[in-house]
Number of protein chains: 2
Amino acid sequence: MQVRARIEQASPDLTNAERKLCTALLSDYPFAGLEPIQVLAERTKVSSPSISRFVNKLGFQGYGEFQRQLINEMKQGQRSPVHVHGSGRPIHDDYLENFMARATELMSATTGAITQAQFDRVCTILMDKKRSVYVLGGRFSDSIALHFSRHLRLSRPHVHHLPADPEIWPEYMLRMKPRDILFLVDFRRYQPNLLHLAKYASDQRSARIVLVTDKWLSPVSRYAAEILAAPIEIGTVWDSYTPALALIEAVLTRIAEETWHDTRARIEAWDAARMPAEGL
Amino acid sequence: MQVRARIEQASPDLTNAERKLCTALLSDYPFAGLEPIQVLAERTKVSSPSISRFVNKLGFQGYGEFQRQLINEMKQGQRSPVHVHGSGRPIHDDYLENFMARATELMSATTGAITQAQFDRVCTILMDKKRSVYVLGGRFSDSIALHFSRHLRLSRPHVHHLPADPEIWPEYMLRMKPRDILFLVDFRRYQPNLLHLAKYASDQRSARIVLVTDKWLSPVSRYAAEILAAPIEIGTVWDSYTPALALIEAVLTRIAEETWHDTRARIEAWDAARMPAEGL
DNA sequence: TTGACTTTGAAAGTATCTCATCAATACTGA
DNA sequence: TCAGTATTGATGAGATACTTTCAAAGTCAA
């Protein structure tokens, strides 16, 4: 990958506009570079002269030559299937690449951790509109939980995200009916908070608890009807929540597809309700 | 393969020169068609007007449109393995495995989209304690942003997550000093909200904007000093934010490691402050 | 804050590419 | 062979795409 390499090489001393071009080019490589210079300028909000200067800096005579080179690369690539991934960059010393590789590995490990039947069951009970769904995560994992509730809300009614402050929980807990779902996300450094909540919901309200946790299993698992355990250990100071996010996205996507008719209607209704505000 | 099909369809009633073109095009498909018309004319020993007439016959407006179509086809082909919901049929076989495989693929594509230098720069300015950091995401992407601010807070002071309600933003905006950082996450179905915020922060407060977006580049990119573009298109009803999360985690991890001494102290202080509450 | 330096986009200029015209040529059938 | 038709390429007009110039805005160090 000649051009890609040149970009990376030049990348330390680039100007602001040039960096934008970098991102645009690399994020849709190599097709972004095949558009006419004007179109690319429009997309990246950078003037065409800046693009021209940029490709000069990369060592090309002009934009045309740059494009020809991109096409050539594709032509080459077509022949040798070797180049598909990487080959272009030094593996050592690249923090990002290293990290991503590990995260990717975690991701592929996730599939094995959850059975198809388990996945199906979770999706099914979450699709049941007669049950209300209450969602909460821990201090850090709540961002994952939030992602979940925001999307689930588009596919079905009665989705409630509990606020972080435990003082307000009773308001929700008292509303829980038997068979309602409490969807918890709890990764290590488990929160005692959530355990109490789970115990109460399970014992007093007969709610079904669906738990997303890690392989060490949050204590909440004692009360959980369904447990989805994602690998999160990536060997750095923080754990990686990407497998958990992927898992949750898979659930959400499955639900949205199954209930596509409703989901679509809800999205449209949402947009319609939003429109007026946008004028402001 | 649209163009190829058109050629085959038209092939019965073609003239001599046109048949030559056919051969040339098909024998080096699609690259022959990507050369300038003059070059192709030279190579095939056919005049450029003949080529022009030929592509007209195929149903294209002109040579340019023909080329664009060829490029489009390649683009489509590139992401061939995914393309499932396009035909509308969710796969029931092993839904989860399928989804995870695609997410994994996205993850590994992420590395190529961001250069090491870019990554380093973003980490560096985020580590600068003299700058305050303001964080916000869109309606859905805010969960990613939240993950970011929660963790970053452990590594450095002066991290503020803006509330969702724009009414309250001014309180934060007025506090922004030049060189402060506004960290935005904005994926497609971009929010006009964020654009206004970015414009104001950039123009009025001289803040540096770091933007995490997708390859279609949020309009915020106009005001951004650093843009990280993650692939998110997974070919289902929702996009997948996993690559973006991974990217953010990489940044966070890098920062936590570089500033480990401080980060550790802050975590301990945090825990110490929390202990008393836990007894309750 | 000032002043040198860098970066940037508007506008103008230049090159290139594409297409329409038209005359020349090749082909076909009488 | 000749006339009619279809095909082709030379040419130049017109459009498009790219680059250079230049002035304004931004940035950084003193």
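Reminder, nothing fancy here: chain letters follow the sequence lines and each chain counts from 1.
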Nearest-angstrom distance from the residue atom [atom1] of [X] to [atom2] of [N]:
| X | N | atom1 | atom2 | result |
| --- | --- | --- | --- | --- |
| B:Leu34 | C:dT18 | CG | P | 12 Å |
| A:Asn56 | D:dT20 | CG | C1' | 11 Å |
| A:Glu65 | D:dC18 | CD | P | 14 Å |
| A:Asp13 | D:dT27 | CG | P | 19 Å |
| B:Phe66 | C:dT18 | CZ | P | 12 Å |
| B:Asp203 | D:dA25 | CG | C1' | 13 Å |
| B:Tyr63 | C:dT18 | OH | P | 7 Å |
| A:Phe54 | C:dT7 | CZ | P | 14 Å |

Of all heavy-atom pairs between A:Ile267 and A:Leu154, which one has the smallest distance, and what is that distance? CG1-CD1, 4.1 Å
Where each residue is assigned the nucleotide of DNA chain D containing its nearest heavy atom, which of B:Arg179 and B:Lys57 is assigned the position nearer the 5′ end? B:Lys57
DNA chain D: 5'-proximal contact among B:Ser206 and A:Val55 (nearest heavy atom): A:Val55
Using the six-membered ring wherever Trp is involved, compare the ring planes of B:Phe119 and A:Tyr95 and label them parallel, tilted or perpendicular (cut-offs 30° and 60°). parallel
State whether the number of non-hydrogen atoms from other residues, nucleotides or ligands found under 6.0 Å of [X] atom [atom1] is greater than 12.
| X | atom1 | value |
| --- | --- | --- |
| A:Lys45 | NZ | yes |
| A:Gln9 | CD | no |
| B:Arg175 | CZ | yes |

Global bending angle along the helix from C:dT1-D:dA30 to C:dA30-D:dT1, which compares the axes of five pairs at either end, to 10 degrees: 30°
Given side-chain hydrogen bond (donor to acceptor under 3.5 Å, both in side chains), test B:Glu249 with A:Ser240 step by step and report yes or no. CA-CA 7 Å; B:Glu249 284 182 342; A:Ser240 170; 2.6 Å; yes
Between B:Tyr134 and B:Phe183, is the ring centroid distance below 6.0 Å? no
Would the A:Phe140 and B:His147 ring centres measure less than 6.0 Å apart? no
I need the residues from residues 35-49 of chain A with at least one non-hydrogen atom less than 4.0 Å from DNA chain D; give them sorted by number, or say none. A:Pro36, A:Ile37, A:Gln38, A:Ser48, A:Pro49
Report the residue (B:Gln67 or B:Arg53) whose heavy-atom-nearest nucleotide on DNA chain C is the more 5′ of the two. B:Gln67
Kindly indicate, with the supporting measurements, whether the criterion side-chain hydrogen bond (donor to acceptor under 3.5 Å, both in side chains) is fulfilled by A:Ser27 and A:Thr23. CA-CA 6 Å; A:Ser27 73; A:Thr23 0; over 6 Å; no
Would you say a side-chain N or O of B:Ser50 is under 4.0 Å from OP1 or OP2 of D:dG9? yes
